[in-house]
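Step one of this worksheet: look at the structure below.
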Amino acid sequence: MNTKLVQEQDRLNNVMEVITEQIEKLQEETDMHREEVVSFRKHFWDDVKVNVDTFDDYLETVISLRQQAQNLSISQSTHRQVSNKLSALKRMQHIPYFGRIDFAEEGTSETERIYIGTSTLMDSSGEDFLIYDWRAPISSIYYNYSPGPAEYTTPEGIIGGMLEQKWQYIIRGGVVESMFDTSLTIGDEILQQVLGKSTDKHMHSIVSTIQQEQNRIIRHDHGRLLIVQGSAGSGKTSAALQRIAYLLYKYRDKLKADQIILFSPNSMFNSYVSNVLPELGEENMQQVTFQEYLNHRLSDEFKVEGPYKQLEYVLTATDQPLYQVRTASIRFKASVRFFEAIKTYRESLEAAGLLFKGITFRGESIVTAKKINERFYRKDTSLRFHNRVEKLTEWLNRQVEEAMRRERNKAWVQEEIELLSEDDYQKAYNYLRKKRGFRGESADDYEMEPEALAQLIVRQKFKSIRKGIQMLHFIDIKGIYKQLFTNLTWMKGEIPEEWEGICQLTLKMLDEGKLFYEDATPFLLLKELIQGFQTNTSIKHVLIDEAQDYSPFQFEFLKRLFPSAKMTVLGDFNQGIFAHASETVDFDTLTNLYGPNETNTINLTRSYRSTRPIVELTRRLVPNGKQIVAFDRDGEVPVLTQLTNKEELHRQIVYKVSNLQKQAYQTIAIICKSAEESAAAYKALGNIDEIKLVKSNSMEYEQGVVVIPAYLAKGIEFDAVIIYDASAEVYGNERLRRLFYTACTRAMHYLQLYSVGEPSPLLLDIDSEYLVRS
């Protein structure tokens with residue numbers, strides 16, 4: 001071992017001793033605080049005197065309860081803080097730090113060695129830093145500069161100096177295995193080692209290999225919207241997750257994990273990325289798919305089609321008679337033009353066109369839809385739209401109150417009273433007694449009046465009606481949305497030539513109680529514009545992955561849904577596989593969300609996921625592929641094997657999977673065009689040991705051998721990828737180019753393509769240097 005390694009090992013040993021000492025100390029503290037919390041919970045009521053006989057007694061009880069709850073909260077908070085510190089130290093036992101900079105600050109003659117890891121570590125005196133957190137201001141020098149003049153930004157201002165050296169370490173099991181003097185970038189040696197490993201079921205943090213362009217994403221901190229356009233495998237998702245960890249660190253007094261929400265492509269992806277933030281000592285943010293949000297808001301009214309069902313239709317139903325109409329409908333309803341049209345339509349409803357539902361009770365009308373309509377369009381017309389709706393609601397509540405008074409003396413009420421069980425009667429008695437103020441010694445003096453009981457029963461029976469009025473259920477949103485497709489007066493500009501067919505198709509679905517995926521967000525927008533937006537102001541940051549899958553319409557909606565949030569969106573339009581993607585060939589339309597002054601864009605062109613030969617192939621599959629730069633990691637050239645029939649295909653795949661497993665590949669994906677093709681392939685390949693079929697509702701990313709549709713594999717990587725059938729019959733259409741590119745770019749180390757019959761024309765011009773044909 002050379003002298004430097006010996007010195008570094010001595011320092012590491014000292015650091016490990018400090019970590020061990022602090023772990024032992026914090027373990028005792030954690031145990032003590034845990035016992036304290038348990039004791040508080042167990043004896044919570046022992047120190048609380050509960051007495052509500054008089055107002056003073058009641059007040060004393062409330063104060064006592066509040067004090068106990070506050071003490072418990074402080075105890076729990078202390079336990080949580082100590083426990084989090086302990087967890088961070090235990091993580092540091094494995095790899096205390098990964099980098100070092102030797103930095104001389106301006107105005108000083110002393111060079112300080114700054115060691116960088118996933119968390120901060122102070123020495124036993126608590127005065128000196130042994131390790132700096134990778135998110136600390138000074139740590140940015142490690143990622144941003146090569147030796148020479150350097151600076152970093154602190155809350156007090158910019159601090160400059162001279163970066164003299166930059167080192168990387170490989171530490172395992174308390175041993176410094178190697179160290180690299182790196183001058184220009186985070187050393188390729190370590191990056192090669194990380195990228196050369198097999199993948200597993202979770203994405204991991206990349207703090208030891210963050211590249212300069214990724215660091216720009218992580219530490220970017222101005223404007224409302226950050227757009228990250230990155231090629232497949234460029235690390236945009238990893239960088240965005242480290243960005244969240246950075247923001248939680250920098251704004252730890254203002255920003256909490258539950259104030260951040262990630263919109264991800266599917267539940268399986270949520271599982272795949274769930275490890276990154278906890279690995280960095282942060283709580284996971286909220287994670288949801290846009291479809292889950294739509295279901296949450298609309299599933300009580302409609303059966304809502306999912307995005308993958310829509311995509312499956314686009315991929316497999318090309319020979320159906322209404323295919324052109326449906327795809328035209330998808331594109332139009334995803335556009336900003338349709339968004340503006342719905343806003344115009346809502347404004348037109350101030351003058352006419354709002355539809356209402358009459359209110360009835362026990363088969364009798366309380367107020368008809370016609371009366372509600374007359375009231376809305378004749379009264380309070382000078383007020384703003386939502387104030388008019390509020391006034392209408394107040395009027396309807398008065399109509400219902402009058403109806404309730406009329407019902408009290410009817411025979412059905414007396415029948416209900418006679419049918420009350422003893423238990424229900426006692427509940428009613430207790431409720432009315434408390435309501436009348438009979439408590440304590442006076443409770444026995446209360447006699448329940450028949451009128452009060454009749455009033456209570458009527459009020460209970462009218463409860464759902466009153467709630468429905470409060471929720472504005474008397475407005476017929478479904479009928480109003482249907483009007484969009486029966487009247488063109490609200491439309492400005494050109495309409496699709498398939499408009500008549502679009503209207504018929506949409507109305508048919510609505511009549512069946514169903515919503516196409518392309519109708520779900522427009523319907524919800526119209527509902528919000530009429531009933532009032534249910535905004536979420538607690539969310540401070542929104543992260544949207546696979547942003548190319550979102551329509552301009554959906555982005556406009558999300559902006560209004562989270563008015564207090566900043567937004568980070570990540571995407572690659574080479575992977576824009578949804579039918580609306582042709583309308584949004586880049587992210588330019590997003591600039592209009594918050595305006596150019598509040599919008600920043602970062603482009604990532606270097607691809608790290610795949611070996612150089614795989615990237616050299618995949619970059620030739622897309623028009624702007626010349627911009628994609630491969631990281632120089634060697635590997636095998638992708639292979640295309642042409643076969644004559646499916647039986648031969650399945651024999652070849654079984655043989656290939658067996659060979660790949662012998663080469664110790666942990667994750668092998670057989671990627672198909674659609675769920676339909678995936679199901680057929682899975683059935684035919686059932687003799688492969690422990691093979692799994694991934695569906696749109698799969699909750700967890702599986703290791704081993706999987707059969708998966710290309711659109712579900714987005715955002716995930718595999719050691720080896722087999723393209724099930726890259727034939728002209730399957731991928732013969734130019735519009736499938738992005739889907740095909742997406743499938744091929746999932747491979748980290750090995751890519752095999754099979755073709756039953758003639759290969760796809762998408763592969764026609766690929767030189768043999770980049771694709772071996774067999």
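- A 4.5 Å side-chain heavy-atom check between Q286 and I539 finds at least one atom pair inside the cut-off.
- Using a distance-only test at 3.5 Å, with no hydrogens or angles considered, a donor-acceptor pair links the side chain of D719 to the main chain of T667.
- Between Y550 and F555, the two ring planes are tilted [angle within 30° to 60°].
- Remark: F129 pairs with Y132 by the ring-ring contact (aromatic ring centres under 6.0 Å, His included) rule, at least two apart or across chains.
- Closest approach of A547 to V569, counting heavy atoms only: CB-CB, 4.0 Å.
- The heavy-atom pair separating T120 from M92 by the smallest distance is O-SD, 4.3 Å.
- Atom CG of L248 and atom CE of M285 lie 8.5 Å apart (nearest 0.5 Å).
- In this structure the side chain of V705 reaches within 4.5 angstrom of the side chain of Q661, judged on heavy atoms.
- Remark: Q666 CD to Q703 CD distance equals 6.0 Å, nearest 0.5 Å.
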### Task
Determine, stepwise, if the pair L225 / I227 fulfils side-chain contact (heavy atoms from CB on, under 4.5 Å).
CA-CA 6 Å; L225 174 64; I227 300 168; 3.9 Å; yes

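- Expressed to the nearest 0.5 Å, how far CD of E282 lies from CG of L247 amounts to 10.0 Å.
- Side chain of K166 to backbone of Y145: a donor-acceptor contact under 3.5 angstrom is found.
- The nearest pair of heavy atoms linking I668 to V657 is CD1-O, 4.1 Å.
- In this structure, Y97 and Y169 have perpendicular ring planes: the angle between them is above 60°, well past the 30° mark.
- Counted within 6.0 Å of CD1 on I95, heavy atoms from surrounding residues, nucleotides or ligands total 12 or fewer; the atom is thus considered open.
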### Task
Evaluate side-chain contact (heavy atoms from CB on, under 4.5 Å) for L751 paired with I723, printing each intermediate quantity in order.
CA-CA 8 Å; L751 175 61; I723 303 298; 4.0 Å; yes

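- Of all the heavy atoms in S139 and W134, the pair that sits closest is CB-O, 3.3 Å.
- The shortest distance between side-chain heavy atoms of T605 and I628 does not fall below 4.5 Å.
- Looking only at distances, no side-chain donor or acceptor of E112 sits under 3.5 Å from a matching main-chain atom of F103.
- L604 contributes atom CG, which lies 11.0 Å from atom CZ of R606 (distance to the nearest 0.5 angstrom).
- At distances below 3.5 Å, not a single donor-acceptor pair connects side-chain atoms of N14 with backbone N or O atoms of V18.
- The shortest distance between side-chain heavy atoms of F718 and V706 falls below 4.5 Å.
- Using a distance-only test at 3.5 Å, with no hydrogens or angles considered, no donor-acceptor pair links the side chain of R100 to the main chain of W167.
- No side-chain donor-acceptor contact under 3.5 Å links E17 and N13.
- Within the 4.5 Å cutoff, side-chain heavy atoms of D549 are placed close to those of K714.
- Between G117 and I131, the closest heavy-atom pair is N-CG2, 3.5 Å.
- Remark: the N659 side chain and the Y750 side chain contain no N/O donor-acceptor pair separated by less than 3.5 Å.
- The cationic group of R738 does not satisfy the cation-pi geometry with F740, failing either the under 6.0 Å distance to the six-membered ring centre or the 45° limit from the ring axis.
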### Query
When you look at L593 and T599, which way does the side-chain contact (heavy atoms from CB on, under 4.5 Å) test go after all the steps?
CA-CA 9 Å; L593 271 184; T599 305; over 6 Å; no

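- D128 places no side-chain N or O within donor-acceptor distance of the main-chain N or O of D123, the cut-off being under 3.5 Å.
- For K25, the NZ atom counts as loosely surrounded, since its 6.0 Å shell holds 12 or fewer non-hydrogen atoms of other residues, nucleotides or ligands.
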### Task
Given side-chain hydrogen bond (donor to acceptor under 3.5 Å, both in side chains), test Q22 with E24 step by step and report yes or no.
CA-CA 5 Å; Q22 292 193 15; E24 289 172 358; over 6 Å; no

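- Looking at S140 and R219, their side chains never bring a donor and an acceptor atom within 3.5 Å of each other.
- We find that R135 and D133 are joined by a salt bridge, their nearest charged nitrogen and carboxylate oxygen being less than 4.0 Å apart.
- At least one side-chain heavy atom of P96 sits less than 4.5 Å from a side-chain heavy atom of I171.
- Remark: the backbone N or O of G230 is paired with a side-chain donor or acceptor of K236 at under 3.5 angstrom.
- Within 6.0 Å of CD on E690 lie no more than 12 heavy atoms contributed by other residues, nucleotides or ligands.
- Contact annotation: the side chain of I138 never approaches that of I116 to less than 4.5 Å [non-hydrogen atoms, C-beta and beyond].
- With hydrogens and angles disregarded, a donor-acceptor distance shorter than 3.5 Å links the side chain of Q214 to the backbone of Q211.
- Considering every non-hydrogen atom in both C744 and L753, the closest pair reads SG-CD2, 4.1 Å.
- One finds the CG atom of L255 at 4.0 Å from the CD1 atom of I260 (value rounded to the nearest 0.5 Å).
- With rounding to the nearest 0.5 Å, the separation of OG in S610 from CD in E616 is 11.5 Å.
- For E8 and Y115, the side-chain atoms include at least one donor-acceptor pair closer than 3.5 Å.
- The neighbour count for R11 CZ, taken as heavy atoms of other residues, nucleotides or ligands under 6.0 Å away, is above 12.
- Counted by atom type alone, Q9 and Q7 present zero donor-acceptor pairs between their side chains at under 3.5 Å.
- With R216 contributing its side chain and Q212 its backbone, the two residues share no donor-acceptor pair below 3.5 Å.
- In this structure the side chain of V273 reaches within 4.5 angstrom of the side chain of Q287, judged on heavy atoms.
- A donor-acceptor pair is defined here as one N or O able to donate and one able to accept, closer than 3.5 Å; no such pair exists between the side chain of R609 and the backbone of A232.
- D102 and T111 form no side-chain donor-acceptor contact under 3.5 Å, judged by distance and modelled atom types alone.
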### Task
Kindly indicate, with the supporting measurements, whether the criterion side-chain contact (heavy atoms from CB on, under 4.5 Å) is fulfilled by H541 and T568.
CA-CA 8 Å; H541 205 102; T568 299; 2.8 Å; yes

